[in-house]
Amino acid sequence: MRPTRVTNLADGDWHRLHPASPLLRGGLVLIAVLGFIIANLRERLVDMFLVVFAPDLGRDVDGRVDVWRDDWANDPIGGIVSNGLTGWAIAGLAVVVLAVIAGFWLSWRMHTFRITNEAVEVRSGILFRSHRSARLDRIQGINVSRPLFARLFGTAKLEVSVAGQSANVHLAYLGSSLADGLRADILRLASGARAAKAAAVTDAATGMHPASAPNGAAPGEVQRENGHGVRNPVAAVIGQRVDELLAPELDPSLAPPESVVHLPLGRVIGSTLLGGSTIWAIILVALIGTGLVTGQLWMLFSFVPAAIGLVSYAWSRITKSLRYSIAGTPDGVRIGHGLLSTGNQTIPPGRIHAIEATQWLFWRPFGWWSVRINVAGQSVSSSNDAAQRTLVLPVGTVADVHRVLALLLPDAIGEVDRFIDPGLAGRDGAGGYSRTVRRGAWLRPFSWRRIGWAATGGIALIRRGWLVRRLTLVPLARMQSVAVTAGPIERMLRLATVRIHTVTGPVSAVVPVVERPEAFALFERLAAEAIERAANDTSLHWRAEVAAASGAPSPANAEHFHAG
Amino acid sequence: MPELPDAPTPTPPPGTEAQLGEVAEGAPAHERTMDDRAAADAPAAGVAPRDTGWLRVSPKYIVVEVVGSVIGMVVFVGAALVLHATTNQAWALWAAVALGVVSLVGIALEPRRVRSIAYRLRQDDLLFRRGIMFQRQVAVPYGRMQLVDITRGPVARALGLADLKFVTAAASTGVTVPGIPVEEADRLRDELVALAETRRAGL
């Protein structure tokens, strides 16, 4: 049966996921278990076939039949065969397999989602039903990830992240191009541009059945009308898979070319080797070496796991930085990465709560910087995945930092741009930054000359750090609160610390050792400006006024639909 | 001892004056009473409040803090003494003495510490400050409040006090105004939730 072509999934109806989803989610484990069992039983199965179908050949096998018969506990298969229960056993096995398949099919049937004008909703579960919905105006970002296995099936996982711990809505798995289309649809709906949906935008959207269509076609049977033609469906599908695997995660032609940061492989490897973990690696190697030399084996056992962890960290950092790309789209910044398992993340405008460019001492000769952000809901856990998502620029030059900040702060970059260079490397009030007093050196002996702040265009910029140079930018429209603190020593020196509180993440916005009156002035200024900026912030529905002005569906839709 | 309020009463208060009579230190008490009345008269929903000036928490909160410190002191000093009695270690005795002295100094400073806690409702945000040694002042815009939490420990409940906790999307905000009379806390909560609702803009 031909699948009905779906042109738009965001129509408010309930839809199903890709038919291979249960297999991809949990079924691979089952296949692995089956394979393991079969591999281990191969000898026995051969024996059994001899007993059942060619009794004359298996003289020595016959000798063992009596043993099998008495040894049910240790050898149920032998018992089955020798008692002539083979037919029943096969029937039972068939029932189990059918039950598993039926379970998969049922879980696929019951797992539906819909995208309305207000929310993304997912219903799932056979016995215990769950219904989860994410409000569109609370969406903090959309991630499309393609693990290697899913890529072989031409599918992708869509994750709608909302603020809150483990509150994300997962759509696993969707057809690969369909996931891209759906992301664009969700973002369009969330942007407030509630114009009539442009039909026929998802020409490449296949591999997905509407809820009404029965499960007829396996994923591999879907034909596509792209460059491969329809001469041979299998060849076409394979060709398309290869194309998808080789295609860059983010099509560079979609974005303005100058905004795409290019990350050479050498820089990725070099920056990882010169990263902060290098010191740990040296310490570990030294410890393990002394352990070996002095014959203290316990040192070996206690530090080798740490070394393995370090190596795997470096490896994952390198592989995830490969084919890194960042580009601005009308619906936010899109960051792609990954070689075999790829992923990309779209952060709509107005979802970035803090940005920090850092440069660790060893990176200074090369002029390398990395950029991290605070985003609500994603960076709560310290897992590798979350750390990856908050890392916007793994390593880049100053020019790259300018480009990335221009993408992250599109509205304010005009005013902020001239503060970036003095903020990254400057000191002593260069470039419009405040400078702290000399007695700050008692508390910050190395970095006191670098400590300074500036505020422009609704962005607070904080410059600090000597060992690790930091430039922190906080859009005041999303500041949660501000605090000024002073401990006993600070009070003795008539100094204070100002902290801007944002959502949890790798970035913390702190201005240490500010002169006391200045600290309170800054406190008042930030408090007042944050209220004013938040009141005038329209980035929640970032395209509402655009749509209202043009009165037509946004032309940006078509840009997101790029099939492999 | 005051009555045990077991359910939050929705009716706001001229009842607060009962507690205010006990304010020990002179001048701010009058200000506070007036401010409280002014704030209580303001309608709860959505109207920008006037600047209330700095408001202190109830002096009875000193009792809560002292009870907590005394319990802590008893536990730690007792543990050190038991250690001394069982193992006959001299340092355990010294530790007990040191702990006791430190705790007593802390208890003696308790009134000043509690007096340093103050909050202030301004037109668009809430200010909170506390601390003598480690001073801290926080400003939370009303629109950023995700929820307002009222918690009451056993001692505070016996004294008719409650803690008002303000939660924003930032975990580090950490604003908890302790020692507010229960009716006042309920009224503040309703007023601030209504304010947060009207001022809310995104996350």
To check you understand the geometry: which heavy-atom pair defines the closest contact between [X] and [Y], and what is its length?
X         : Y         : value
Phe523(A) : Val138(B) : CZ-C, 3.8 Å
Ser481(A) : Pro141(B) : CA-CD, 4.3 Å
Ala483(A) : Arg136(B) : CB-NH1, 4.3 Å
Met479(A) : Arg144(B) : O-NE, 3.0 Å
Gly487(A) : Phe134(B) : CA-CD2, 3.7 Å
His501(A) : Thr173(B) : ND1-CA, 3.5 Å

Checking Leu126(B) against chain A: side chain, backbone, both or neither under 4.5 Å from a heavy atom?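 Contact with chain A involves no heavy atom of Leu126(B) at all.
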Arg470(A) atom CZ: more than 12 heavy-atom contacts under 6.0 Å: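 Atom CZ in Arg470(A) is crowded, with more than 12 foreign heavy atoms closer than 6.0 Å.
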Would you indicate whether Phe76(B), at its atom CZ, is surrounded by more than 12 heavy atoms from other residues, nucleotides or ligands within a distance under 6.0 Å?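 Result for CZ/Phe76(B): open.
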Please state whether the side chain, the backbone, both or neither of Glu490(A) comes within less than 4.5 Å of a heavy atom of chain B.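 For Glu490(A), no heavy atom lies under 4.5 Å from chain B.
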Any chance you could measure Leu127(B), atom CG, to Glu524(A), atom CD, to the nearest 0.5 Å?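 That separation rounds to 6.5 Å.
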Pick whichever of Gln135(B), Met145(B), Arg129(B) has the most heavy-atom pairs under 4.5 Å with chain A.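 Greatest number of close heavy-atom pairs with chain A: Gln135(B).
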